[in-house]
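Here's the structure, in structure tokens; my notes come after.
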Amino acid sequence: MSNWDLMMPGMGLTAIGITGVTIAYSGIAHTFIDGMHALTGLTLFLGLIFLAAGILEGGVSTSNKAKATTLVILGISFSFGLAALNFNSVTTIPTFAGVMLIIAVPAIVIAYVTMKMPQYAKPVSIIFILAVGAAIASYVAFGLMGPSQYLVPPPVEEEIVPEVPVSTAPVFKISILKDSSMQGNPDYDPDMAQVPMGNVIEWTNDDMAAHTVTSAADAGATFDSSLISPGDAFRLDTAPLELAKYDYFCIVHPWMTASFELVGEESGERLAEGATATDPNSVIPEQMPIETPVIPDETQVPEVPTETPVEQAPIIPEEQVEEPVETETIVSIPAGSSLPGCEATDECFIPSSVTITTGNTVTWTNDDTAAHTVTSGIDVTPDGVFDSSLLPAGKAFSFKFESSGEYPYYCMVHPWMTGKVIAE
């Protein structure tokens with residue numbers, strides 16, 4: 001008769017082992033993939049040993065209980081086997097089949113020996129147990145087809161980074177001076193640089209604070225370094241730029257302002273004083289030599305025959321039309337306007353709203369200690385009508401309004417500063 005004391009743990013271990021192996025190789029729980037399947041395989045093997053020993057104790061049982069137990073084990077095995085094949089997400093089906101053969105072959109052999117030659121059942125079982133244990137240990141340690149199967153991660157291909165060609169253009173160095181983050185100290189050296197066209201400008205941050213190098217005319221659209229950490233540098237290739245004067249500033253410390261002027265390296269072209277990047281065509285034209293007029297000798301002047309004068313009709317003077325006199329309206333950028341709060345009293349520009357006659361000029365004077373801009377537009381969006389670029393302390397900017405209309409403007413560095421010009 002069958003020994004149910006052996007069959008019951010055998011059935012439990014077999015079911016647990018089959019479930020674990022299936023989960024491991026189907027990829028449902030990736031925790032099991034790298035080694036736990038060996039443990040579940042060993043559990044399955046031991047369960048089959050106990051089950052076979054319990055069923056075959058005293059000979060092959062033909063009772064209904066033994067048949068029912070066999071059908072249950074076969075059903076579980078085939079069910080999980082089909083699930084493993086259908087839901088498999090790894091490419092180790094041959095490995096899984098090999099593990100199943102390692103379990104099935106000893107179980108069949110031990111069952112046959114126990115039935116036909118029970119006196120050899122114990123030594124044969126010990127031999128198979130030791131052999132299977134050594135096989136599983138070798139498989140876990142070295143892999144079925146070599147270490148590269150699952151224990152050793154696949155080799156990672158090195159990404160080939162294309163080499164960036166090193167620029168051979170001359171480098172023009174500009175230093176961001178130490179302690180330039182403190183207002184009033186020198187900031188850039190040189191503060192006004194003349195750079196040959198095609199050179200690479202390199203700003204080196206020699207200060208202990210982070211700074212930026214940002215084009216002032218368009219708030220960084222032409223060039224912007226973003227934050228330059230202490231000791232780092234920012235390079236700007238001037239080849240794509242045009243001959244012009246470029247003002248720049250530090251966004252973090254807006255009182256730090258400087259400029260560089262691109263000049264022709266060979267032609268010696270020079271920019272007109274006050275030309276900016278928004279007016280790149282303001283190059284001083286070459287002056288043509290003035291020819292001295294040749295005065296003929298008096299002896300060579302032919303005599304004009306004297307004729308009887310003809311009475312001319314009296315000239316009636318035309319009515320004189322008075323031309324309009326151009327006027328200039330002054331708008332002050334007052335001290336302290338760089339700090340928020342002036343917008344509450346509408347005194348960021350004084351006066352904040354001016355009404356002029358079309359054709360007249362408005363001049364903004366920077367009476368503050370910080371740099372500002374006078375940029376036409378609204379909601380921090382320039383409309384391109386006029387722009388002073390960065391206006392240092394003590395400087396002024398003028399614009400002549402040729403067309404009537406309302407012209408709102410603001411400071412690009414301090415956007416709470418707004419004003420308006422009405423041309424009638």
Side-chain angles (χ1 to χ4, degrees), residues 214-224 240-249 251 254-255 257-262 271-284 323-334 337-338 340 342-343 345-368 370-424:
T214 306
S215 57
D218 47 18
T222 303
F223 57 89
D224 182 25
L241 303 180
E242 298 181 6
L243 291 174
K245 179 183 175 184
Y246 294 86
D247 297 321
Y248 60 90
F249 70 107
I251 293 180
W255 55 84
T257 61
S259 58
F260 65 87
E261 182 182 25
L262 289 183
L271 297 178
E273 185 176 357
T276 63
T278 56
D279 185 18
N281 298 317
S282 52
V283 179
I284 295 179
E323 295 182 358
V325 179
E326 293 186 8
T327 60
E328 182 182 28
T329 303
I330 305 297
V331 176
S332 172
I333 304 176
S337 56
S338 59
C342 62
E343 71 277 7
T345 57
D346 209 16
E347 294 180 347
C348 297
F349 296 95
I350 300 179
S352 62
S353 177
V354 295
T355 302
I356 63 170
T357 303
T358 303
N360 286 349
T361 300
V362 177
T363 298
W364 289 266
T365 60
N366 187 2
D367 301 320
D368 194 13
H372 297 277
T373 74
V374 178
T375 307
S376 62
I378 192 171
D379 294 333
V380 201
T381 304
D383 56 17
V385 177
F386 58 87
D387 181 26
S388 66
S389 71
L390 203 63
L391 197 63
K395 299 294 183 179
F397 167 70
S398 299
F399 184 78
K400 186 176 182 180
F401 292 84
E402 302 285 359
S403 303
S404 60
E406 292 188 0
Y407 299 89
Y409 61 91
Y410 66 99
C411 174
M412 192 174 292
V413 184
H414 312 97
W416 57 85
M417 300 174 56
T418 59
K420 182 169 63 176
V421 175
I422 304 173
E424 296 178 343

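Starting from 1, each residue takes its place in the sequence as its number. This one's a predicted model, so the numbers in the text were calculated from it and none came from an experiment.
Taken from CG in D247 to OG1 in T214, the straight-line distance is 12.5 Å, to the nearest 0.5 Å. Here T365 contributes atom OG1 and L391 contributes atom CG; the two are 8.5 Å apart, rounded to the nearest 0.5 Å.
The side-chain heavy atoms of N360 and T329, taken from C-beta on, include no pair separated by under 4.5 Å. V331 has its side chain within reach of V362: a pair of non-hydrogen atoms, C-beta onward, lies under 4.5 Å apart. No side-chain heavy atom of I356 sits less than 4.5 Å from a side-chain heavy atom of T327. Looking only at side-chain heavy atoms (C-beta outward), P340 and W416 come within less than 4.5 Å of each other. Under the 4.5 Å side-chain criterion, counting only non-hydrogen atoms from C-beta, V374 is in contact with I333. Side chains of F397 and T363 form no contact here, defined as non-hydrogen atoms less than 4.5 Å apart.
Using modelled atom types, no side-chain atom of S259 and backbone atom of Y246 make a donor-acceptor pair closer than 3.5 Å. For W255 (side chain) and F249 (main-chain N/O), no donor-acceptor pair under 3.5 Å exists by modelled atom type. N366 places no side-chain N or O within 3.5 Å of a backbone atom of K395 that could act as its donor or acceptor partner. For T257 (side chain) and P392 (main-chain N/O), no donor-acceptor pair under 3.5 Å exists by modelled atom type. Side chain of T373 to backbone of C411: no donor-acceptor contact under 3.5 angstrom is found. Without hydrogens or angle criteria, S332 side chain to I350 main chain gives no donor-acceptor distance under 3.5 Å.
Using cut-offs of 30° and 60° for the angle between ring planes, the F260 and F223 rings count as tilted.
Outside the 6.0 Å centre-distance limit, the rings of Y409 and F399 are not counted as a close aromatic pair.
The SG atoms of C348 and C342 sit under 2.5 Å apart.
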